[in-house]
Amino acid sequence: MINGGLFSSRPKNEPVKDYYSPGEIRTELEKTLVQLAQEQPEIPLIIGGQEVRTGNLAEVRCPHDHGKVLATFHQAGPREVEQAVEAAAKAWTTWSAIPARSRLAVFLRAAELLATKYRLRVVAATMLNQSKTAYQAEIDATCELIDFYRLNSYFAEQLTAIQPESGGIDINRMELRPLEGFVFAVSPFNFTAIGGNLPAAPAMMGNVVLWKPASTAVFSNYQLMALWKEAGLPDGVINFVPGPGSQVGPAVFAQKDLAGIHFTGSTDTFRRMWTEVGQRIADYRSFPRLVGETGGKDFVVVHSSADPQVVGAGLIRASFEYQGQKCSAASRAYLPRSLWPEIKEFLVEETPKIKVGDVADLSNFLGAVIDRPAFDKIKSYLDLAVSSPDCRILVGGEADDSVGYFVRPTVVETTDPHHRLMEEEIFGPVLTVYVYPDDKFEEILSLCDQTSPYALTGSIYARDRAAVEQASAVLRHAAGNFYINDKPTGAVVGRQPFGGSRASGTNDKAGSILNLLRWTSPQTIKETLLPDTEWRYSFMPED
């Protein structure tokens with residue numbers, strides 16, 4: 001329980017810093033980029049607060065300059081998983097019992113440190129490690145993560161206000177206990193904020209965590225271990241165990257004290273996790289909580305009443321920001337024939353103006369995709385577009401891996417609404433559009449709903465309110481985050497809690513009170529003020 005309020009009002013979202021105007025903060029960012037690029041640390045595991053070196057090393061390379069090694073890191077295996085589980089169990093005894101306000105204070109301090117002392121370092125590390133522009137790194141690695149810590153602390157306090165009714169002769173209350181065991185947090189490469197939230201959200205609620213970050217994001221994610229240490233997080237609460245999933249995963253699933261999984265990544269990986277847990281369910285102390293946000297084939301549906309320029313600008317931003325490597329990135333669009341000429345002209349004219357290159361050059365709008373496998377996958381779809389008689393590349397289509405993994409933003413028009421480019425997740429800067437007759441709007445809504453197994457994000461552009469309501473009804477289950485006259489990206493913590501259903505995950509809404517509740521095991525407590533002294537009911541006659 002939290003005794004006494006930590007907040008007099010709801011925290012505000014962290015303002016975005018401007019690194020683009022000349023000034024001290026831009027100069028400091030440029031210096032930090034140079035400094036971090038030269039450090040080349042050998043990153044250890046952190047287990048129970050201790051540095052652990054396995055000797056099984058892997059590299060983190062800069063995506064936009066893949067000849068540049070940012071860091072090497074030690075990889076965990078089954079032995080280190082066992083050590084981390086033991087360290088977590090030891091930390092659980094104290095961490096689960098201390099007042100919740102003290103736990104939350106650690107992450108509120110982390111938010112303040114991230115807003116000040118750690119800000120430039122985490123932004124620069126994200127730029128170098130994930131090839132994000134300064135703006136994309138700022139809104140991710142600092143603003144969103146700060147929002148997670150401040151607003152999740154606020155939501156955690158709110159949860160304690162949800163109490164049962166007490167009567168005249170009894171007092172009833174509910175306490176939110178942490179889960180018994182440890183939580184396995186598995187984070188993706190694309191958002192440093194997700195790496196910082198997946199282990200932290202359960203920890204805020206009193207849980208202990210084994211955190212396996214994506215191998216391609218170890219350099220930026222490792223910065224958070226120092227942040228939490230300085231904020232006062234006790235040793236063993238969050239254990240840093242990067243390594244190959246084939247080594248770490250089975251060792252984790254074999255632990256009887258696995259209490260939950262907090263995951264963001266591919267749908268196939270989450271399904272394998274779910275299957276593995278299901279097959280071992282009788283071996284666990286409790287039923288593990290499975291919380292996952294997975295794939296997406298995010299859509300934009302446009303009605304004939306929409307503003308073509310608004311649509312064009314939204315498609316470019318939604319499809320190409322951060323190289324299309326956002327879970328929410330627009331990947332398919334359904335456009336009415338009457339507006340297509342104007343939208344097409346906008347896309348064909350504006351897309352080539354997008355600068356792609358080293359993110360240290362702040363004039364670039366896009367960097368590189370994360371690594372060789374991602375590059376090869378995206379290029380295979382570009383090759384498919386070239387070879388398919390049902391597709392035509394309108395703009396872009398080029399990919400160059402000579403220096404970095406660069407893919408030009410690409411727009412493909414298809415005549416087949418069930419083409420692979422309209423149905424499969426690409427996770428790159430590729431937008432495929434299907435043009436439909438204006439009078440087929442109702443049919444196109446049903447087509448959009450039924451085409452993809454995913455249901456993460458989507459949007460409708462229309463000035464006609466009846467069309468907006470119609471789309472909202474038909475697409476009700478097609479997107480966990482639905483946008484009206486806006487791009488389907490850019491969810492803000494506390495404003496648009498994020499998550500999808502169907503093949504896109506469990507929809508537990510990161511950045512909301514709903515997600516935090518998943519990491520608790522509520523206990524109802526009844527205290528009777530006047531206990532019964534007679535076992536007979538009042539209507540029963542005495543002997």
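Here, residue 1 is the first one in the sequence, and each next residue gets the next number. Just so you know, these numbers come straight off a predicted model, no measurement behind them.
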Trainee: Could you give the distance from CG (Asp298) to CD (Glu425), rounded to the nearest 0.5 Å?
Mentor: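 The distance works out to 8.0 Å.
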
Trainee: Going by heavy atoms in the side chains, are Leu145 and Glu14 under 4.5 Å from each other?
Mentor: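 They are not in side-chain contact.
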
Trainee: Is the Phe253 ring parallel, tilted or perpendicular to the Phe184 ring (thresholds 30°, 60°)?
Mentor: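 Taking Phe184 first and then Phe253, their aromatic rings stand perpendicular (interplane angle over 60°).
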
Trainee: Atom CD in Gln136, atom CD in Gln325: separation rounded to 0.5 Å?
Mentor: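 Going from CD on Gln136 over to CD on Gln325, the span is 11.0 Å.
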
Trainee: Nearest 0.5 Å, what's the CZ-CG distance between Phe73 and Asn56?
Mentor: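 Going from the CZ atom of Phe73 to the CG atom of Asn56 covers 9.0 Å.
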
Trainee: Considering only heavy atoms from C-beta outward, does the side chain of Tyr381 approach that of Leu421 to under 4.5 Å?
Mentor: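 In contact.
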
Trainee: Would you call Glu51 and Arg53 a salt bridge, taking side-chain N to carboxylate O under 4.0 Å as the test?
Mentor: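 Yes.
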
Trainee: Between Gln247 and Gly243 (side chain of the first, backbone of the second, donor and acceptor by atom type, cut-off under 3.5 Å), is there such a pair?
Mentor: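 It does not hold such a pair.
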
Trainee: Is a side-chain N or O of Ser131 found less than 3.5 angstrom from the main chain of Ala368, in a donor-acceptor match?
Mentor: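 Present.
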
Trainee: State which residue, out of Val183, Asn239, Leu224, Ile46, fulfils the side chain to side chain contact (heavy atoms under 4.5 Å, CB included) condition with Trp211.
Mentor: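 Looking at Val183, Asn239, Leu224, Ile46, the match for Trp211 under the side chain to side chain contact (heavy atoms under 4.5 Å, CB included) is Leu224.
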
Trainee: Set out, in order, the CA-CA distance, both residues' side-chain angles and the distance that settles side chain to side chain contact (heavy atoms under 4.5 Å, CB included) for Leu6 and Leu104, then state yes or no.
Mentor: CA-CA 9 Å; Leu6 291 171; Leu104 299 181; 3.9 Å; yes

Trainee: Any donor and acceptor pair, going by atom type alone, linking the side chain of Arg119 with main-chain N or O of Leu113 inside 3.5 Å?
Mentor: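 No; judged by distance alone, with no hydrogens or angles, the pair does not exist.
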
Trainee: I'd like to check Ser286 versus Leu179 (side-chain heavy atoms, cut-off strictly below 4.5 Å). Are they in contact?
Mentor: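 The answer is no, as the side chains (C-beta and beyond) never meet within the 4.5 Å cut-off.
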
Trainee: Would the His66 and Tyr405 ring centres measure less than 6.0 Å apart?
Mentor: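 His66 vs Tyr405: aromatic centres under 6.0 Å.
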
Trainee: Can you tell me how far apart CG (Leu456) and OG (Ser501) are? Round to the nearest 0.5 Å.
Mentor: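 Here the interatomic distance stands at 9.0 Å.
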
Trainee: May I ask you to say whether Glu276 pairs ionically with Arg280, meaning some side-chain N is under 4.0 Å from a carboxylate O?
Mentor: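 Here Glu276 pairs with Arg280 in a salt bridge, since their nearest N and O are under 4.0 Å apart.
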
Trainee: Could Lys326 and Phe191 be counted as a cation-pi pair, given that NZ or CZ must be under 6.0 Å from the ring centre and within 45° of the axis?
Mentor: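 No cation-pi geometry.
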
Trainee: Measuring only between side-chain heavy atoms, which start at C-beta, is Thr269 closer than 4.5 Å to Phe263?
Mentor: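 Side-chain contact under 4.5 Å: yes.
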
Trainee: I want to know whether Phe240 and Tyr222 have ring centres closer than 6.0 Å.
Mentor: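 Yes, the ring of Phe240 comes within the 6.0 Å limit of the ring of Tyr222, centre to centre.
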
Trainee: Consider side chain to side chain contact (heavy atoms under 4.5 Å, CB included). Of Lys509, Glu293, Glu144, which one does Phe498 pass it with?
Mentor: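 Of all the options given, the one that passes is Glu293.
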
Trainee: Salt-bridge test for Arg109 and Glu112: reply yes if a basic N is under 4.0 Å from a carboxylate O, no otherwise.
Mentor: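 So Arg109 does not pair with Glu112 through a salt bridge.
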
Trainee: Could you check whether any side-chain N or O of Arg502 sits under 3.5 Å from a backbone N or O of Ala455, counting only pairs where one atom can act as donor and the other as acceptor?
Mentor: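 Side chain of Arg502 to backbone of Ala455, a donor-acceptor pair under 3.5 Å: no, none is there.
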
Trainee: What I want to find out is whether Glu423 reaches Arg332 closely enough, with some N-O distance under 4.0 Å, to be called a salt bridge.
Mentor: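 No, no charged N to carboxylate O under 4.0 Å.
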
Trainee: To the nearest 0.5 Å, what is the distance between CE (Met127) and OG1 (Thr32)?
Mentor: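 Nearest 0.5 Å value for the CE-OG1 distance: 10.0 Å.
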
Trainee: Hey, are the side chains of Glu42 and Leu57 touching, using non-hydrogen atoms and a 4.5 Å cut-off?
Mentor: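 Side chain of Glu42 against side chain of Leu57, heavy atoms only: contact under 4.5 Å found.
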
Trainee: Heavy-atom distance under 4.5 Å between the side chains of Asn13 and Leu151, does that happen here?
Mentor: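 Heavy-atom side-chain distance check passes, below 4.5 Å.
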
Trainee: Strictly below 4.0 Å, N to O, side chains only: are Lys297 and Glu424 in salt-bridge contact?
Mentor: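 No, this pair does not count.
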
Trainee: So, taking the atom named CZ in Arg121 and the one named CG in Leu227, what distance separates them when rounded to the nearest 0.5 Å?
Mentor: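 It comes to 11.5 Å.
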
Trainee: Is any side-chain N of the basic residue among Arg272 and Asp268 closer than 4.0 Å to the acidic one's carboxylate O?
Mentor: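 Salt bridge flag = no for Asp268 with Arg272.
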
Trainee: Side chains of Asn207 and Phe182: does their closest heavy-atom pair fall under 4.5 Å?
Mentor: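 Sidechains of Phe182 and Asn207: no contact.
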
Trainee: Are Leu120 and Tyr19 packed together at the side-chain level, in the sense that at least one heavy-atom pair is separated by less than 4.5 angstrom?
Mentor: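 Touching, per the 4.5 Å side-chain cut-off.
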
